[in-house]
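Worth knowing before you read on, the calculation uses all heavy atoms, side chains too, and leaves out hydrogens, waters and symmetry mates. Please read these numbers as outputs of a predicted model, since none were measured by experiment. Below, chain A is the first sequence line, B the second, and so on; all start at residue 1.
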Amino acid sequence: MVALTLPDGSVRKFDKPVTGAEAAAAIGPGLAKAALVIRVDGKLMDLSRPIERDSKIAIVTSKDPDALGILRHDCAHVMAEAVKELFPETQVTIGPAIENGFYYDFARDKPFVPEDLGRIEARMKEIVKRDEKITREVWDRDKAVKFFKDLGERYKAEIIRDLPEDEEITLYRQGNFIDLCRGPHLPSTGKLGTAFKLTKLAGAYWRGDSRNEMLQRIYGTCWPDEKQLKAYLTMLEEAEKRDHRRLGREMNLFHLQDVAAGAVFWHPKGWTLYRTLRNYVRRRIAANGYVEVNTPQMVDRSLWEASGHWEKFRQNMFTAEVEDGVLALKPMNCPCHVQIFKQGITSYRDLPIRMAEFGACHRNEPSGALHGLMRVRAFVQDDAHIFCTEDQITAETRAFCTLLSSVYKDLGFEDVTVKFSDRPPMRAGSDATWDKAEAALKDATKATGLETQLNPGDGAFYGPKLDFVLRDAIGRDWQCGTLQVDFVLPERLDASYIGEDGAKHRPVMLHRAILGSFERFLGILIEHYAGKFPLWLAPVQAVVATITSDADDYAKKVLAALGDAGLRAELDVRNEKINYKVREHSLAKVPVMLVVGAKEAADGTVAVRRLGGKAQEILALKEAVARLMEEAAGPPAGR
RNA sequence: GCCGCCGUAGCUCAGAGGUAGAGCACGCCCUUGGUAAGGGCGGGGUCGGAAGUUCAAUUCUUCCCGGCGGCACCA
């Protein structure tokens, strides 16, 4: 006798063990048809497996959030089957479900070409049409290894060999295709549907290790129905439209050029945006007790040896030989800040010292890592180092978390999470010190009300850290801010202060950045706003456009009034129709247009048109300027 | 760095073993038009770089540089 409790609390009794499929059929024929897998006491299982004991069950259909992963995993299997049919010499490896889809890694001498994707996709649809039954088999380990070896599938054999001793070896068979898999799977390939698409081709290292051979990865996306597939593809198109590299060109913000790979040519408008952001951060940190400094670009090798960078970071550093040694372009500012700290004698009364620098750093990133503004070789950090006592870590971290949250909010990001990385196995500093530092970070995030996720053992060897992640307008996460406690660098570079007791003590250093790098953050900001910046950030805040040349003189007066009010405005008196001008400045994403014709010139007014808006508002020039000025002032500094 | 794809006008892209074309942009002319493209004419390219094959290479081959998508990297 088996009693199965359904999600609604009702109990079904069977006089012998039943399979998930039978249980679903007993509940109703509609459900039996829609059933994909079954959840038994919280664990997902194949419908074909018998349920021997009293359990809580739920039939999982495509509406269930758990179904998506199964669907995508199955899609990977169907793709592997299609590939094996079309290219029998290919070896299969692994193929998991991932966010929005799945991939499968294949090993073969001849790489796939983009045209293959269409063929594979067509064959996948055939396999779905065949509606092959998917069956689960439990195999003996050695037999399974031999079986795959004999098939020439050496990767699969390797995976089985490396599975933990106590793990059951299960194989899934669909048609002529058999694959090692933990499952669960759909009852048959027909249940997959056809809402999938192969999206890209890529190389990927076997087992994710760059010392291993490279496999061919095929990515795909897969959804419960065509509508969701289409929605996803549309979302991708939207993301492409707001790509910062594209908007950077269209809005004439910056360009990248092969003569300086990984470095940015900022155009006037982009540089205005950059400076606006930098000025904003400058105001905010000044109001929060930071002092700003500036330190050398190129520093002698000896300092990097002392700081430990030469040993740990050498490959990423640009160097230049000079007559009496080697200089390195700084990849970070911290050693230089310690040099400033060390000038003269510092008393405990002077602490904390919050030393900020918009420091230009260079890192020799691998060529394949470069990506628009997001990953560059030359960048400027909104960097600062807080020199303080251990007792001050809590208050400083709290203040930083508050400042950071407020900055993100001002810049349009409300959704912020924190990753907290605590002590790694190999570390410097005593356990008591780590206890204190970790407690301080934990306390600070809690006090600020930030949602925190623990990354155990992921801290740097020199101290625990917080990483701040923000979510953008289309749901993507970006790690930007950071706060790292450092017990080691002050020691290595011999920084000290005089304590209350008159003796020398080591300060603690907090490395911290809110934006990370201006370059990357601007990339994120461009995509977040899709180029439509709020007025205070917009590089061109307003365009004064004339309807006919009769209004030219008045338009110049309007422009001057805007300029006097500190607004970034441009004039468009070209011999073009107003429709043309409106279209052009709209595409350039200028937030405000002030349209003036003979009427406005006579009345001393302007017709205000907001980007994307249909309505226009006629205002007296003075009134319009006053309103825009207020709006363009941006967030206040003193918080 | 690794795998794959790509590099033709400022941009988006077509093309072919016999030194190139479209649309938009740009310049000039006409047009003075009230909220997302008015019309005409015109200028513009060592076809990413180097070498090789060939009577002839921008086209085919190799190498290099750069871009794109991943992977690896991001103390």
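- Remark: aromatic rings of Phe400(A) and Phe468(A) are close, center separation under 6.0 Å.
- In this structure, Ile98(A) places its CD1 atom 12 Å from C1' of C71(B), rounding to the nearest Å.
- Comparing G21(B) with A9(B), their P atoms sit 14 Å apart, to the nearest whole Å.
- Nucleic acid contact for Ala204(A): sugar-phosphate only, since backbone atoms but no base atoms lie under 4.0 Å from a heavy atom of the residue.
- Between Arg207(A) and Glu158(A) the shortest side-chain heavy-atom distance falls below 4.5 Å.
- Among the protein residues, Ser210(A) comes within range of the sugar-phosphate backbone only, with heavy atoms under 4.0 Å from sugar or phosphate atoms but none that close to a base.
- With ring centers used as reference points, Phe196(A) lies 6.0 Å or more from Trp223(A).
- Taking atom P in both G45(B) and A20(B), one finds a spacing of 12 Å when rounded to whole Å.
- Out of A37(B), G34(B), C71(B), the shortest distance to the side chain of Ala607(A) is found at G34(B).
- For G10(B), the paired nucleotide is C24(B), the pair qualifying as Watson-Crick or G-U wobble because both relevant distances are below 3.5 Å.
- Residue Lys577(A) places no side-chain N or O under 4.0 Å from the OP1 or OP2 atom of G38(B).
- A salt bridge links Glu527(A) with Arg476(A): at least one charged nitrogen is closer than 4.0 Å to a carboxylate oxygen.
- Leu621(A) has its side chain within reach of Val558(A): a pair of non-hydrogen atoms, C-beta onward, lies under 4.5 Å apart.
- For Gln616(A), whose side chain is taken as the heavy atoms from C-beta onward, the closest listed nucleotide among U32(B), G34(B), G70(B) is G34(B).
- At whole-Å resolution of the value, CG in Leu256(A) and C1' in G7(B) are 16 Å apart.
- The CD1 atom of Ile524(A) lies 8.0 Å from the CG atom of Asp472(A); values are rounded to the nearest 0.5 Å.
- If you check every strand for non-hydrogen atoms under 4.0 Å, Ala369(A) touches a base.
- Rounded to whole angstrom, the span from the CG atom of Leu373(A) across to the P atom of G67(B) amounts to 13 Å.
- Of the residues near RNA chain B, Lys465(A) and Tyr219(A), the one whose nearest nucleotide (by heavy atom distance) lies more toward the 5' end is Tyr219(A).
- Looking only at side-chain heavy atoms (C-beta outward), Thr93(A) and Lys156(A) stay at 4.5 Å or farther from each other.
- Remark: the Arg375(A) side chain and the C73(B) base include a donor-acceptor N/O pair separated by less than 3.5 Å.
- One P atom belongs to G23(B), the other to G17(B), and the distance between them is 24 Å to the nearest Å.
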Self-check item: Criterion side chain to side chain contact (heavy atoms under 4.5 Å, CB included) on Lys330(A) and Trp304(A), from CA distance to verdict
Solution: CA-CA 9 Å; Lys330(A) 66 176 171 186; Trp304(A) 304 113; 3.6 Å; yes
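- Of the candidate nucleotides C68(B), A36(B), U32(B), A36(B) has the atom nearest to the side chain of Arg609(A).
- Across all strands shown, Gly308(A) has no heavy atoms under 4.0 Å from either base or sugar-phosphate atoms.
- A close approach under 4.0 Å does not occur between any side-chain nitrogen or oxygen of Arg246(A) and OP1 or OP2 of C11(B).
- OP1 or OP2 of G1(B) sits under 4.0 Å from a side-chain N or O of Ser367(A).
- Along RNA chain B, the nucleotide closest to Gly368(A) and the one closest to Val608(A) are compared, and the more 5′ of them pairs with Gly368(A).
- Between Tyr580(A) and U32(B) there is no side-chain polar atom (N or O) within less than 4.0 angstrom of OP1 or OP2.
- To the nearest angstrom, P of U35(B) lies 11 Å from CD1 of Ile618(A).
- Of the candidates Phe379(A), Phe358(A), Trp271(A), Phe518(A) forms a ring-ring contact (aromatic ring centres under 6.0 Å, His included) with just one, namely Phe358(A).
- The phosphate of G69(B) (OP1 or OP2) has a side-chain N or O of His371(A) nearer than 4.0 angstrom.
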For nucleotides 42-47 of chain B, print each protein N/O atom paired with a nucleotide N/O atom at under 3.5 Å, atom names and distance only.
none

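- The nucleotide whose nearest atom lies closest to any side-chain atom of Arg249(A) is, among C71(B), C11(B), C68(B), C11(B).
- One atom, CG of Asp243(A), and another, C1' of G67(B), lie 13 Å apart when rounded to the nearest Å.
- For Tyr205(A) and G1(B), the shortest distance from a side-chain N or O to OP1 or OP2 is not below 4.0 Å.
- In a base pair of the Watson-Crick type (N1 to N3 plus N6-O4 or O6-N4) or a G-U wobble (N1-O2 and O6-N3), with each distance short of 3.5 Å, C74(B) is matched with no nucleotide.
- Note: OH (Tyr104(A)) to P (C3(B)) measures 23 Å, nearest angstrom.
- Tyr462(A) comes within 4.0 angstrom of a base, heavy atoms only.
- Residue Ile578(A) is in sugar-phosphate contact alone, with no base atom involved, counting any heavy-atom pair closer than 4.0 Å across all strands shown.
- The two atoms that bring Arg242(A) and His528(A) nearest to each other are NH1-O, 3.1 Å, heavy atoms only.
- Contact annotation for Gln216(A): backbone-only contact, meaning every heavy-atom pair under 4.0 Å involves sugar-phosphate atoms and none involves a base.
- Remark: C1' of G69(B) and CG of Asp116(A) are 17 Å apart, rounded to the nearest angstrom.
- Of the listed nucleotides (C71(B), A37(B), G33(B)), C71(B) has the atom at the smallest distance from the side chain of Met214(A).
- For the pair Arg108(A) and Phe112(A), the cation-pi criterion (under 6.0 Å, within 45° of the ring axis) is fulfilled.
- Val485(A) has its side chain within reach of Leu441(A): a pair of non-hydrogen atoms, C-beta onward, lies under 4.5 Å apart.
- When heavy atoms are screened at a 4.0 angstrom cut-off, Pro111(A) is found touching the sugar-phosphate backbone but no base atom.
- Between the side chain of Glu600(A) and the base of G34(B), a donor-acceptor pair under 3.5 Å is found.
- Minimum atom distance to the side chain of Val582(A) is reached by U35(B), of the listed G69(B), C71(B), U35(B).
- Looking at heavy-atom distances under 4.0 Å, Leu587(A) makes contact with a base.
- Partner assigned to U54(B) is none, using Watson-Crick or G-U wobble distances below 3.5 angstrom.
- Pairing for G44(B) is absent, judged as Watson-Crick or G-U wobble with the two contacts each under 3.5 Å.
- Within the 4.0 angstrom heavy-atom criterion, no nucleotide atom of any strand lies near Arg574(A).
- Across all strands, Lys581(A) comes closer than 4.0 Å to no nucleic acid atom at all (heavy-atom distances).
- Look at U35(B): it lacks any Watson-Crick or wobble partner with both distances under 3.5 angstrom.
- Between the CG atom of Asp603(A) and the P atom of G34(B) there is a distance of 17 Å, given to the nearest Å.
- Across all strands shown, C63(B) forms a Watson-Crick or G-U wobble pair, both distances under 3.5 Å, with G49(B).
- Across the C1' atoms, U53(B) and U59(B) are found 13 Å apart, a figure rounded to whole Å.
- Across all strands shown, G69(B) pairs with C3(B); the Watson-Crick or G-U wobble distances both stay below 3.5 Å.
- Listed pair Asn579(A) / A36(B) meets the phosphate criterion, a side-chain N or O lying under 4.0 Å from OP1 or OP2.
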